[in-house]
Structures are given as C-alpha cells and as structure tokens.
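What you see below is based on every heavy atom in this structure, not just the backbone, and it leaves out hydrogens, waters and symmetry mates. Since the model is a prediction, treat every value here as computed from it, not as a measurement.
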Amino acid sequence: MREDQKRYSEMTKEELQREIAVLAEKARKAEQMGMVNEYAVYERKMAMAKAYMLNPADFPPGEIYEIEGAPGEYFKVRYLKGVFAWGWRLKGNGEEEALPISMLRKPNLPSS
C-alpha cells in the first residue's frame, strides 16, 4: 500500500465515492481490453469500498440475502465481523465463507 493511500476504513463517504468512481473507470477499461482477471479485481475492490459506506447493523445474523451478481443464489448470515458477513450459500457446499455486506441484497420474495 502506498504511503499516501488510506485504508477504506479510514476514508470519508466522499473519499469512498471518489475511489469507487476511479475503480469503475479502471474496471471499464480492463473489460474493454478483455482483461478478465483485472476486471474481477476492480469489481472486488469496488464491493469492498461500497461495504464501508453501509451500516453492518442493517445485516442481522439469521437473515437470508440474495448475492449481488449471482441471481438466484442466497446467503444466510451467521455473524458479522467488520463489513464482512460470515455464513453460507443456501445451495452451496455448506462451507462457511465471508462476503462484503455490499454484495448482499434483500430478496424480493412474494409475501405469503
């Protein structure tokens, strides 16, 4: 990490928004050039920066969320640590994993 570069956890909301805009532009260029791995890195960094703009308290343990970018895949939150939700994918292999909270969306389930 460069000396002049702050951690996402130290940035203000405005600084995070600027960082996300820079990363989005880099991701766009990488995608245009067919650099799939580089594009994926920028997407992941954007998800991390976005996570620091959210309130972890809005993602209570025990809730089920749809995973952004993975339609039809759901994630059950077991606990939170910082801006990461730890849990497992409902149709996954049952292994616990961590996702940035910015990747979680309340599913649009029909009300019963």
Side-chain angles (χ1 to χ4, degrees):
M1 186 181 294
R2 294 191 332 255
E3 210 175 284
D4 62 336
Q5 192 172 1
K6 290 182 179 178
R7 295 175 183 265
Y8 292 153
S9 60
E10 299 168 340
M11 290 184 182
T12 65
K13 190 171 186 173
E14 292 75 23
E15 288 171 321
L16 286 166
Q17 288 169 333
R18 280 194 299 274
E19 176 73 3
I20 291 164
V22 167
L23 291 168
E25 180 60 20
K26 287 180 178 181
R28 187 187 64 74
K29 287 179 182 174
E31 186 177 35
Q32 285 178 337
M33 295 173 68
M35 302 167 81
V36 179
N37 290 341
E38 194 171 321
Y39 173 78
V41 168
Y42 291 129
E43 285 287 303
R44 194 72 173 170
K45 285 183 175 187
M46 282 191 293
M48 285 299 305
K50 289 176 183 176
Y52 281 97
M53 294 174 61
L54 300 172
N55 182 358
D58 293 338
F59 298 85
E63 291 289 315
I64 295 172
Y65 297 90
E66 189 165 14
I67 300 171
E68 186 165 298
E73 281 196 46
Y74 297 92
F75 187 83
K76 183 166 185 175
V77 176
R78 192 165 82 81
Y79 67 95
L80 286 117
K81 186 170 184 176
V83 296
F84 282 92
W86 285 83
W88 58 91
R89 293 173 194 248
L90 295 187
K91 292 181 182 171
N93 58 11
E95 286 188 28
E96 189 172 67
E97 65 178 301
L99 294 176
I101 57 176
S102 60
M103 293 183 66
L104 304 179
R105 295 281 169 263
K106 259 302 194 195
N108 294 326
L109 299 174
S111 51
S112 48

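Listed by chain and number, the residues in a side-chain contact (heavy atoms from CB on, under 4.5 Å) with Glu25 are Arg28, Lys29 (sequence neighbours excluded). Checked against salt bridge (charged side-chain N to carboxylate O under 4.0 Å, His left out), Glu96 has the following partners two or more places apart in sequence or in another chain: Arg78. Taking the salt bridge (charged side-chain N to carboxylate O under 4.0 Å, His left out) definition, one finds that Glu73 meets it with Arg89, sequence neighbours left out. With sequence neighbours left out, Glu43 forms a salt bridge (charged side-chain N to carboxylate O under 4.0 Å, His left out) with no residue at all.
Taking every heavy atom of both residues into account, Leu104 and Ala85 meet most closely at CD1-CB, 3.6 Å. Heavy-atom minimum distance, Pro56 versus Gly82: CG-O, 3.5 Å. Minimum interatomic distance between Lys50 and Ser102 (heavy atoms only, all atoms of both residues): CB-CB, 3.7 Å. Of all non-hydrogen atoms in Tyr74 and Ile64, the two that sit nearest each other are CB-CG2, 3.9 Å. In terms of heavy-atom proximity, Met11 sits nearest to Lys6 at CE-O, 3.6 Å. Taking all atoms of both residues into account, the shortest heavy-atom contact from Leu23 to Met46 is CB-CG, 3.4 Å.
Cluster partners of Met35 are Met33, counting Ile, Leu, Val, Met, Phe, Trp and Tyr whose side-chain heavy atoms approach within less than 4.5 Å, directly or via other members.
Residue Trp86 places its CH2 atom among 12 or fewer non-hydrogen atoms of other residues, nucleotides or ligands, all under 6.0 Å distant. No more than 12 heavy atoms of other residues, nucleotides or ligands lie within 6.0 Å of CG in Asn37, so this atom counts as exposed by the packing criterion.
Met48 contributes atom CE, which lies 10.5 Å from atom CG of Leu16 (distance to the nearest 0.5 angstrom). We find the CD-CZ distance between Glu66 and Arg105 to be 10.0 Å, quoted to the nearest 0.5 Å.
Between the side chain of Glu15 and the backbone N or O of Thr12 there is at least one donor-acceptor pair closer than 3.5 Å.
Residue pairs meeting the ring pair (Phe, Tyr, Trp, His ring centres under 6.0 Å) criterion with at least one member in residues 28-61, sequence neighbours excluded, are Phe59-Tyr65.
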